[in-house]
Participant: 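One structure coming up, written as structure tokens, with questions to follow.
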Protein chains: 2
Amino acid sequence: MVTIYDIAKRADVSAMTVSRVINNSGRISPKTREKVKRIMEEMNYVPNSTARSLVKQETKMLSLLITDIMNPFFTTLARGAEDAALKLGYKLLFGNSDEKLSKEKEYVDMVLSTRVDGVLFAPASDESADHLAALQRHRIPFVLVDRDVPGIEADIVVGENREGADRLTSHLIRLGHRRIAIVNGLSTVSTARERFAGYVDALNRNGIPFDESLSLECGFNRFDDPEPLDRMLALPDPPTAIFAANNVLAVGVIGYLRDRNIGVPDLMSVACFEDVGLASALDPFLTVAMQPAYEFGYQGVKLLVERIRSKDTAERRIVRLPTDMIVRRSTGRPPV
Amino acid sequence: MVTIYDIAKRADVSAMTVSRVINNSGRISPKTREKVKRIMEEMNYVPNSTARSLVKQETKMLSLLITDIMNPFFTTLARGAEDAALKLGYKLLFGNSDEKLSKEKEYVDMVLSTRVDGVLFAPASDESADHLAALQRHRIPFVLVDRDVPGIEADIVVGENREGADRLTSHLIRLGHRRIAIVNGLSTVSTARERFAGYVDALNRNGIPFDESLSLECGFNRFDDPEPLDRMLALPDPPTAIFAANNVLAVGVIGYLRDRNIGVPDLMSVACFEDVGLASALDPFLTVAMQPAYEFGYQGVKLLVERIRSKDTAERRIVRLPTDMIVRRSTGRPPV
DNA sequence: TTGTACGCGTTATCAC
DNA sequence: GTGATAACGCGTACAA
């Protein structure tokens, strides 16, 4: 591998001079600068950022941890994060926890030893607190995205979960629904709790009592257990609408309904949080509370880099991104 | 930061002994091993992989470059790549070229200076050859995925592009279509060329002459110019079916048709390469030639790591992954 | 079983 | 303007 010394020898200068040319630091005569540059070209020299990281105590690498790489919300977020990172001079190390604490822990260990300069972190659940505490112990700056974690003081980019859920539920109520089910993520995840709260807000405001038997929880990354929904639909007074707490659950629910020949929206209205990527362009079907996923990533990295630069001095910052309700064909009046 | 020396001092041994404990190398008395381990725990020691990389001349990092991070095909591929990398003890550095050579070049430069151990590379086009040559000059092993590049000898994971396109087109012909258009990617991309060849194969075998006026090219990552399609549909003998060379183009085309009230499949059949992610679960609509995207990534990383381990000794390997045609509702008999 | 000396490629510091 | 030297944190080779 060609090193800074190889260049120095050929250019008949010291390694230090070469370093100064590379980094545009210090004063150098135009003549030697040109000469060194030419030789670097000739020898295809590329600085070794590993060595540089070692001495500078910074890697210029950021890490992004998401919980579901198959979910368009998170991939779009990743895209925003990458754009911001590149623009600010960082590389992005990429991780996917699948909502599993064990995978998340492995990833945190890796991140620690890689000495990334910061982490954009979408926690699997409240129990991620241990992992975040580990980052804090090691003074690795991080910013939370999408999900909050009780007990962890950190910069964060979040959506209007409560408001969005409220709006979606209110929309269903306006259409005439009174029996509205919620298919939620696990209550150990902040977004699930907030969306639940918004759902209840809307019910309360409209004088509809919350009915425990219309509430159901499962992992945000897969709708895998149809049995609770079976029970719900077998109720004497079954729901006429379902609020799914994210896109993946909505798609799961609609697949479930299709299998049972329950037409949407004729027999059942469905609304959800987050759009479904390409799908919505194919057939704009789902009524959704859309979040600016790209901005989640972009703003998150921006916050993170500012945090890195300001060290611990700056105070905690919370960026709250708006949610847009988009009404489409999956919601309609209840069957008569 | 706590270093190997801090541990050594506290444990009253040399740094070397600590290193041996960390790496399970050499013989160490159980007593000192335990003692060192305990102290590492106490002090929250995490080895600095930057320093380790510098001396071992390997980073245990792989890099994945894809062309469209919003495309479910590539994100699923990324997921497979990440799983394989983790399993084999590597981290994954993540990059997205947006099909742009300029972004690809920046990314290659970054990869070079980061000294990753290898790159899983989905090239933007044939012109990526320069970038790949740069990797070769610097002896960075790489494996191509999805797309081939003429003139570059490298391990590669590809799909059955020609066969898949042939099958899709044949399916349309069997349904009775004779005027079948192709909305293709740019012919500077190998997959576009191969899918075109498969399309023509099917036409020829069935005695249908290839008609230049039914052929159209645009970037694989966005269907952005409706004008050529306008012209095509204004033809005296317009197409009754469209073969879109990937999922993004298919979605674009269907959106276009919807805007003009051209019903699919009643007035126009549409078939395409690659599935559309969540969308297809929502409403299994598109007839597609589905590729095992996850396997693309998984096998790609596996090949890459084998290549890294065998250095230059092993011969070139080509992994060809099967394509499944899935017939759904977007294709039907031509209008009478 | 454990330790010493050195090198990995770069930059910071200080001297000239 | 430019250079010599030390240091970043760790592993290898060799010695004890």
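Order of the sequence lines sets the chain letters (A, B, ...), proteins ahead of strands, with each chain counted from 1.
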Participant: Among B:R316, B:R317, B:R307, which residue satisfies the side chain to side chain donor-acceptor pair (under 3.5 Å) criterion with B:D155?
Facilitator: B:R307
Participant: I want to check one thing: is the phosphate of C:dT2, taken as OP1 and OP2, less than 4.0 Å away from some side-chain N or O of B:T17?
Facilitator: no
Participant: Identify the residue among B:T50, B:T114, B:D117 that makes a side chain to side chain donor-acceptor pair (under 3.5 Å) with B:T59.
Facilitator: B:D117
Participant: Could you state the CE-C1' distance from A:M40 to C:dG9, rounded to the nearest angstrom?
Facilitator: 15 Å
Participant: Would you mind reading off the distance between B:M1 atom CE and D:dC10 atom C1', rounded to a whole angstrom?
Facilitator: 12 Å
Participant: Taking the six-membered ring for Trp, are B:F74 and B:F296 ring centroids under 6.0 Å apart?
Facilitator: no
Participant: Let me check the geometry of the helix from C:dT1-D:dA16 to C:dC16-D:dG1. What is the bend angle between the axes at its two ends, five pairs each, to 10°?
Facilitator: 40°
Participant: Give the nucleotide from the list C:dT11, D:dC10, C:dT2 with an atom nearest to the side chain of A:I4.
Facilitator: C:dT11
Participant: When you measure from the side-chain N and O atoms of A:S14 to the phosphate of D:dG3, is any distance below 4.0 Å, counting only OP1 and OP2?
Facilitator: yes
Participant: In this structure, how many angstroms lie between the C1' atom of D:dG9 and the NE2 atom of A:H138, rounded?
Facilitator: 16 Å
Participant: Just by modelled atom types, is the B:M70 backbone N or O under 3.5 Å from a matching donor or acceptor in the B:D68 side chain?
Facilitator: yes
Participant: Which ones in residues 22-32 of chain A lie close to DNA chain D, meaning a heavy atom under 4.0 Å from one of its atoms?
Facilitator: A:R27, A:I28, A:S29, A:T32
Participant: Is any side-chain N of the basic residue among B:R38 and B:E42 closer than 4.0 Å to the acidic one's carboxylate O?
Facilitator: yes
Participant: Take atom CG of A:D12 and atom C1' of D:dG3, then tell me their distance rounded to the nearest Å.
Facilitator: 13 Å
Participant: Side chains of A:T3 and A:Y45: is there a donor and an acceptor less than 3.5 Å apart?
Facilitator: no
Participant: Whole-Å distance between C:dT10 C1' and A:K9 NZ?
Facilitator: 16 Å
Participant: Roughly, in whole Å, what's the span from OH in A:Y5 to P in D:dT5?
Facilitator: 10 Å
Participant: Using a strict cut-off of less than 4.0 Å between a Lys/Arg side-chain nitrogen and an Asp/Glu carboxylate oxygen, indicate whether B:K103 and A:D83 qualify as a salt bridge.
Facilitator: yes
Participant: Can A:E58 and A:R115 be counted as an ion pair, charged N to O under 4.0 angstrom?
Facilitator: no
Participant: How far does NE2 of B:H131 sit from CZ of B:F121, to the nearest 0.5 angstrom?
Facilitator: 7.0 Å
Participant: Before accepting this row, confirm whether a basic side-chain N of the pair B:E127/B:K105 lies closer than 4.0 Å to the acidic partner's carboxylate O.
Facilitator: no
Participant: Could one point to a donor on the side chain of A:R20 or the base of D:dG3 with an acceptor on the other under 3.5 Å away?
Facilitator: yes
Participant: Where each residue is assigned the nucleotide of DNA chain C containing its nearest heavy atom, which of B:R33 and A:V18 is assigned the position nearer the 5′ end?
Facilitator: B:R33
Participant: Out of A:V119, A:L77, A:V116, which residue meets the side chain to side chain contact (heavy atoms under 4.5 Å, CB included) rule with A:L64?
Facilitator: A:L77
Participant: What is the distance from CE of B:M16 to P of D:dA15, rounded to the nearest Å?
Facilitator: 16 Å
Participant: Which parts of residues 49-60 of chain A get close to DNA chain D, meaning a heavy atom less than 4.0 angstrom away?
Facilitator: A:L54, A:V55, A:Q57
Participant: Side chain of B:Y45 only, heavy atoms from C-beta on: which candidate in C:dT11, D:dC10, C:dG9 is closest?
Facilitator: D:dC10
Participant: Minimum heavy-atom separation for B:V149 to B:D126, with atom names?
Facilitator: CG1-O, 3.6 Å
Participant: When the distance from CZ of B:R115 to P of C:dG9 is rounded to whole Å, what number comes out?
Facilitator: 9 Å
